[in-house]
Amino acid sequence: MNEVRTRFAPSPTGYMHIGNLRTALYTYLIAKKQGGKFLLRIEDTDQERYVEGAVDIIYRTLKTVGLNWDEGPDIGGPVGPYIQSERMGIFKQYAVELVEKGAAYYCFCDKERLTELKAVQEASGVSPMYDRHCRNLSKEEVEAKLAEGVPYVIRQKIPLEGTTTFHDELFGDITVENSTLDDQILLKADGMPTYNFANVVDDHLMGITHVVRGNEYLASAPKYNLLYEAFGWDIPKYIHVSPIMKDKHSKLSKRNGDASFEDLVAKGYLSEAIVNYIALLGWAPKGEREIFSLEELKSEFDIEGLSKSPSIFDPLKLKAINGEYIRALTPEKFCELARPYIMQTVKRTDCDLDKIAVLLQNRTEVFTDIPEQVDFIDEMPDYDLALYENKKMKTNRETALDALERSLLVLEGITDWHFDVIHDELFKLIADMGVKNGYILWPVRVAISGKQFTPGGAFEIAEIIGKEDTLSRMKRSIEMLKTR
RNA sequence: GGCCCGUUGGUCAAGCGGCUAAGACACCGCCCUUUCACGGCGGAAACAUGAGUUCGAUUCUCGUACGGGUCACCA
């Protein structure tokens, strides 16, 4: 039974942000690299923060990126249930066991006393900590209160002296003075375990061998060791990963209006590209390659490459990687994915979307870039005649007028309206005139697109919008040049 | 504030006592080219800081600065 078992244990409190997803990814990869099991456990012990539908979001995003779990609430498994609230009974039993072992104790302090205590401590500049009021109640006193039905919690009995050393695979050994550790609550008055307690118990019961979690839990980790020791359990390997930041000062979070995984997908990012990018945020592969599929990451991933410092989410880099993925798509697949975006601005039905898509593939980093790129196909935008002035092409308004008038004559004579024909005829004109390609082609492209930049050049555009539109746009542009 | 953690170009980052300190994105220039993009070539750009240890520190130790985390019957 040396199988690696990891778990992703989110709380159903809403959306799934990028940081969460990355934690899930690393957790998954660590298991899969060794051919181990990846489990999903829902930590819903806080009924107040529970958000309806949050569990579905977790399922959905994990599935779309391909982080398939081997055991979980929906598919079951040998160590279920996998929803923490359904494990309630278990925790009390273990908390009581700890009391019996002298590593925990009942506490009957009510909230009023605790808030007052905290206020006093803060006022006097001491860092707030439970004053261990109930730590030394006699067995009789405890029994009596229990019999009376006084509400209670169970707290961890931290040693008064000495130090505790916790080992993290990434950060190494972390030693803290026990005197700085609070007698934290293990079992709440409502019978639910606190996060810290539930984690230790569940991870043990589920046979978890590697725990991957956010860095924010690093400070509470030493207390875990005390718990494991008291129970006499093996301590899993801990890997605390640093957060993904929005900027130098703040974490990436929904509260700041930052994108969640689903937002990014809606913004035109490919889920494979998102996964690839976040894998790279805080982790570096061995070689110089940085494009990896999930499958490739399974063998490539290594804890060694994880970074200890926080990393800033760079939308530009994500975009670039997304662009790489888009270019790697087969033309058919790209066309299929791009179609809806093209149709946002191209409503006319007389032109070939496939041909448009071909032009777009190398020019698209994010699908949402598309509509704006092809908006001229349905309708010529108003444009500035200054567009005809181009130093490199050696064109200005006068030469453009000349080029357009001559081109128009040529184009009007074409009956077989296809790229090759248009290309050959216009090149014939260029040769006859003995001018640079751009002398003719630049003005033509501007005249029929009205834009400085377009996907494709004059021939492609002319073919796509058709002969009729090409000619009428040319004529209109010629008129504009004449009248001004 | 106490405790814990971190600090290599603008960003992601390689480096694990001796290097002209990789690479990628972004940026700039050139080439290709009927625009843009793609592609190719090249450029600018970094070890927070002070003291040690050492023949030699980006790398090890300590201090300082800056940044982050944590101090809940939230996770």
Side-chain angles (χ1 to χ4, degrees), chain A residues 9-11 13 43-46 48-49 107 109 111 114-115 118 122 125-129 151-155 166 168 171 174-177 179-182 184-190 192-196 198-199 213-222 240 242-243 245 248-251 277 280-291 305 307-321 323 327 359-365 373 387 390 392-393 423 426-427 430 436-446 449 451-461:
Chain A
S11 302
T13 54
E43 306 212 332
D44 59 345
T45 52
D46 183 5
E48 283 178 23
R49 291 214 302 162
C107 168
C109 294
K111 290 197 179 172
L114 295 177
T115 18
K118 193 173 170 183
E122 274 172 355
V126 193
S127 58
M129 247 220 228
Y152 67 90
V153 300
I154 292 181
R155 313 185 85 113
F166 165 83
D168 180 90
F171 290 91
I174 291 163
T175 302
V176 295
E177 297 283 337
S179 61
T180 65
L181 266 23
D182 198 6
Q184 67 175 341
I185 290 173
L186 267 19
L187 200 73
K188 301 187 252 185
D190 63 2
M192 288 278 205
T194 55
Y195 169 81
N196 289 314
N199 249 265
R213 31 141 56 168
N215 204 308
E216 67 270 27
Y217 301 117
L218 197 53
S220 57
H240 286 89
S242 291
M245 312 289 284
K248 244 183 165 49
H249 305 290
S250 49
K251 270 211 237 185
Y277 175 62
L280 258 23
L281 252 193
W283 172 76
K286 282 273 184 290
E288 282 184 359
R289 183 150 82 104
E290 53 179 20
I291 299 298
S307 164
K308 287 193 254 194
S309 44
S311 31
I312 300 172
F313 182 87
D314 183 2
L316 243 36
K317 177 87 178 184
L318 203 214
K319 243 184 158 179
I321 288 183
R327 269 171 264 134
L359 300 179
L360 252 15
Q361 190 161 4
N362 276 346
R363 294 165 231 259
T364 305
E365 281 196 309
Q373 289 195 80
L387 276 185
N390 186 311
K392 206 177 149 200
M393 300 299 142
H423 174 276
L426 247 21
F427 262 94
I430 289 166
K436 288 189 64 167
N437 298 345
Y439 183 90
I440 295 291
L441 271 13
W442 171 269
V444 171
R445 194 184 56 82
V446 171
S449 70
K451 297 185 86 166
Q452 181 169 200
F453 308 127
T454 54
F459 308 133
E460 286 94 343
I461 294 170

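From a predicted model like this one, the values you see are computed outputs, not experimental measurements. Reminder, nothing fancy here: chain letters follow the sequence lines and each chain counts from 1. Any value given below was found using the heavy atoms of this structure, including those in side chains, with hydrogens, waters and symmetry copies removed.
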ask   = Under the side-chain contact (heavy atoms from CB on, under 4.5 Å) criterion, do A:T454 and A:E460 qualify, and how do the steps go?
value = CA-CA 10 Å; A:T454 54; A:E460 286 94 343; over 6 Å; no
Whole-Å distance separating the [atom1] atom of [X] from the [atom2] atom of [N]:
X      : N     : atom1 : atom2 : answer
A:E290 : B:A22 : CD    : P     : 17 Å
A:Y277 : B:A26 : OH    : P     : 12 Å
A:N437 : B:U33 : CG    : P     : 9 Å
A:R213 : B:C5  : CZ    : C1'   : 15 Å
A:K308 : B:A13 : NZ    : P     : 14 Å
A:I291 : B:A24 : CD1   : P     : 12 Å
A:K286 : B:C16 : NZ    : C1'   : 12 Å
A:F171 : B:C5  : CZ    : C1'   : 6 Å

request  = Have a look at A:A320 and say if it touches a base, only the backbone sugar-phosphate, or nothing, with a 4.0 Å heavy-atom cut-off.
outcome  = sugar-phosphate
[N] versus [M] - spacing of their [atom1] atoms, nearest Å:
N     : M     : atom1 : answer
B:G9  : B:C62 : C1'   : 28 Å
B:A21 : B:U33 : C1'   : 37 Å
B:G43 : B:U54 : P     : 40 Å

Under 3.5 Å for both donor-acceptor distances, Watson-Crick or wobble: does [N] have a partner, and if so which one?
N     : result
B:U7  : B:A65
B:C71 : B:G1
B:U54 : none
B:A14 : none
B:C47 : none
B:C32 : none
B:A37 : none

ask   = For A:E177, which residues count as a side-chain contact (heavy atoms from CB on, under 4.5 Å) partner, sequence neighbours excluded?
value = A:T163, A:S179, A:T180
key: Any residue meeting side-chain contact (heavy atoms from CB on, under 4.5 Å) with A:P151, in chain and number order, not counting sequence neighbours   = none
ask   = A:L281 has a side chain; which of B:C12, B:U11, B:G23 sits nearest to it?
value = B:C12
key: Of the listed nucleotides B:U34, B:U11, B:C4, the one nearest the side chain of A:I174   = B:C4
key: Pairwise 5' ranking along RNA chain B for A:T180 and A:E288, keeping only the more 5' one   = A:T180
message = Return whichever of A:F313 or A:S242 has its heavy-atom-nearest nucleotide of RNA chain B closer to the 5' end.
response = A:S242
task = Determine, for nucleotides 35-46 of chain B in 5'-to-3' order, which nucleotides have protein heavy atoms under 4.0 Å from the base (write B), from only the sugar-phosphate (write S), or from neither (write -).
result = BBSSS-------
key: Nucleotide-resolved protein contact map, nucleotides 68-75 of chain B, B/S/- at heavy-atom distance under 4.0 Å   = SSSSSBBB
query = Phosphate oxygens OP1/OP2 of B:G67: is one of them under 4.0 Å from a side-chain N or O of A:S309?
reply = no
message = Applying ring-ring contact (aromatic ring centres under 6.0 Å, His included), can you list everything that pairs with A:W442, at least two apart in sequence or on another chain?
response = none
note = For residues 308-319 of chain A, the salt bridge (Lys or Arg N to Asp or Glu O under 4.0 Å) pairs (sequence neighbours left out) are A:E290-A:K317
